Amino acid sequence: MQTRILQIDEQSLETSKQLILTGSPVAFPTETVYGLGANAFDTEAVERIFEIKGRPSDNPLIVHVHKDYDIGSLVSYIPEYAEKLAVEFLPGPLTMVYKSRNKVSPAVSCGLDTLAVRVPSHEGAQRFLKYVSLPIAAPSANLSKHVSPVTAEHVYADLNGKIEVILDGGKCCGGIESTVLDCTGEIPVVLRSGLITREMIAATVGDCAEYAFKEGETARSPGMKYKHYSPNCQTEMYAFEERDKAVGLYKEKNSQGVNAFIMCDESTAKLINVEKTLILGKTEREVAANLYYKLREGEKKAQLIIAIAPQKQDGIMAGVMNRLAKACKKV
Ligand code: AMP
Ligand code: MG
């Protein structure tokens, strides 16, 4: 199979719809990262996603719906705070976990009694969801454990020959996966941080907790326990305060003939002043938007990426730090 990258128009949407209706997953853009989507009612199609990605069978998928879709038909209870959050943040990079009505295939939630639902704001995603007129179960459109894709070319690099079509919606503007929020309890709980921050949620509904996964315990969001987002090269991470050590390693490695690059934000790059850098950007939004893009660029150029963590680690940077730490985690 030769995978085709198609611009989003009437013809490519019709092609995608036919593929979805016949059980073949299609990659599509969102404002966070590219998704690999299948009809959430079709168990075989959902299982194909796990196969294509090599995704562990206990890591559930998020169901993506059009902004006018009746989410109440898929989930049994939507608390008042979730309704407020939906008004404030949807469509957008916020996934909400509810008690499921068990209408979609059980393969979507890997047997859990909850369902994660997301309404993406990307125009191409909305057009695709409207055209197929089905809830679409989708994880990120990369091989499992690799860096998430933020361009159609990234999807192609991982999945060429494994899927028919990639709908091309340009570079994703968000750059890290959606915030995952547990909406089954008294107050919302952040299971995975993202661009909609805990602070933003608390400001809207008064209270918001953060779930911290501890090794050895059953994960509330199963994806948390896996190594993720890793580039195909060596990685090291240093705290902002340890940047001199990072520069020391950079110099040592390059003098030994190891092609090492430093990854950091723009202000840190000015402080350390080295030649080979992967600069994430100036603002927090830029840093988030470029993180995966630069990790993928880095794995092509470098034998070793030495990341210097951002100095500030709350808000959006909490999400960036979480991904960067996982990308650099040694297993
Ligand atoms: P991905 O689409 O690859 O970014 O992964 C989706 C994320 O959502 C993973 O971290 C999953 O564990 C999480 N997720 C999906 N469904 C649920 C659910 N029902 N309950 C808790 N977390 C979920
Ligand atoms: Mg993923």
Side-chain angles (χ1 to χ4, degrees), residues 25 27-38 40 46 49-65 71 74-78 82 93-120 125 135-150 154-155 158-159 172 174-185 188-196 209-213 217-231 288 291-292 295-296 319 322-323 326-327:
F28 64 101
T30 80
E31 70 280 20
T32 58
V33 302
Y34 273 71
L36 179 60
V46 173
I49 288 180
F50 286 85
E51 243 174 71
I52 290 168
K53 287 189 51 129
R55 185 175 177 98
S57 59
D58 63 348
N59 190 5
L61 309 183
I62 294 168
V63 166
H64 294 64
V65 296
I71 293 171
L74 299 179
V75 305
S76 61
Y77 177 64
I78 300 179
L94 176 66
T95 296
M96 298 206 259
V97 175
Y98 302 106
K99 278 269 179 280
S100 180
R101 269 191 203 277
N102 302 320
K103 298 285 191 218
V104 300
S105 161
V108 172
S109 287
C110 304
L112 296 175
D113 62 359
T114 51
L115 184 69
V117 185
R118 165 156 144 70
V119 185
I136 295 293
S140 50
N142 52 294
L143 291 175
S144 188
K145 302 190 175 64
H146 193 209
V147 180
S148 295
V150 293
H154 291 163
V155 180
D158 278 22
L159 302 183
C172 303
I176 58 173
E177 297 84 351
S178 60
T179 305
V180 178
L181 191 70
D182 184 349
C183 295
T184 61
V189 182
V190 173
L191 299 177
R192 176 175 75 185
S193 50
L195 295 178
I196 308 292
E210 187 128 28
Y211 174 70
F213 170 61
E217 119 189 347
T218 311
R220 288 259 289 280
S221 190
M224 286 177 161
K225 66 176 187 258
Y226 294 109
K227 180 182 157 86
H228 257 99
Y229 324 118
S230 305
L291 180 66
Y292 292 148
L295 283 169
R296 284 204 179 232
N322 164 288
R323 271 73 172 187
K326 283 190 173 181

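Owing to the predicted nature of the structure, the values given are computational and were not obtained by experimental measurement. First listed ligand is number 1; within each ligand, the first listed atom is number 1.
By the criterion of a heavy-atom distance under 4.0 Å, the side chain of Asn59, and not its backbone, is placed next to ligand 1. Of all the heavy atoms of Val97, the ones lying under 4.0 Å from any atom of ligand 1 belong exclusively to the side chain.
In this structure, the side chain of Lys53 engages the main chain of Ser140 through a donor-acceptor pair within 3.5 Å. One N or O on the side chain of Asp158 and one on the backbone of Leu143 form a donor-acceptor pair closer than 3.5 Å. Not one N or O on the side chain of Thr32 forms a donor-acceptor pair closer than 3.5 Å with the backbone of Pro93. Formation of a donor-acceptor pair under 3.5 Å by the Arg55 side chain with backbone atoms of Pro60 is found in this model.
Contact check for Asp113 versus Ser100: no side-chain heavy atoms found under the 4.5 Å cut-off. The shortest side-chain heavy-atom distance between Glu210 and Ser193 falls under the 4.5 Å cut-off.
Ranking the protein heavy atoms by distance from atom 19 (N) of ligand 1 puts Thr114 OG1, 2.9 Å first. Distance from atom 17 (C) of ligand 1 to its nearest protein heavy atom, with residue and atom name: Pro60 CG, 3.5 Å. Closest to atom 10 (O) of ligand 1, if we only count protein heavy atoms, is Gly223 CA, 3.4 Å. From the protein, the heavy atom lying nearest to atom 3 (O) of ligand 1 is Arg55 NH1, 2.9 Å. What sits closest to atom 21 (C) of ligand 1 on the protein, heavy atoms only, is Arg220 O, 3.4 Å. In this structure, atom 22 (N) of ligand 1 lies nearest to the protein heavy atom Ser221 OG, 3.0 Å. Closest to atom 2 (O) of ligand 1 among all protein heavy atoms lies Pro139 CA, 3.1 Å. Atom 7 (C) of ligand 1 has as its closest protein heavy atom Arg192 NH1, 3.5 Å.
Nearest approach of Arg192 to Ile62, heavy atoms of both residues: NH2-CD1, 4.0 Å. For the pair Ala327 and Ser230, the tightest heavy-atom approach, listed with the atom from each and the gap, is O-OG, 3.9 Å.
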Let me see the working for Ile71 and Val119 under side chain to side chain contact (heavy atoms under 4.5 Å, CB included), right down to the final yes or no. CA-CA 10 Å; Ile71 293 171; Val119 185; 4.0 Å; yes

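In summary, the aromatic rings of Tyr292 and His154 are positioned with their centroids too far apart to meet the 6.0 Å limit.
With no hydrogens or angles considered, a side-chain donor-acceptor pair links Thr95 and Ser178 at under 3.5 Å.
For Leu61, the heavy-atom gap to ligand 1 drops under 4.0 angstrom.
Remark: Glu177 does not engage Arg118 in a salt bridge, criterion side-chain N to carboxylate O under 4.0 Å.
For a threshold of 3.5 Å applied to N or O pairs, the pair formed by Lys53 and ligand 1 contains no separation below that value.
For the Mg ion (ligand 2), the neighbouring protein N/O/S atoms at less than 2.8 Å, given as residue and atom, are Ser140 OG.
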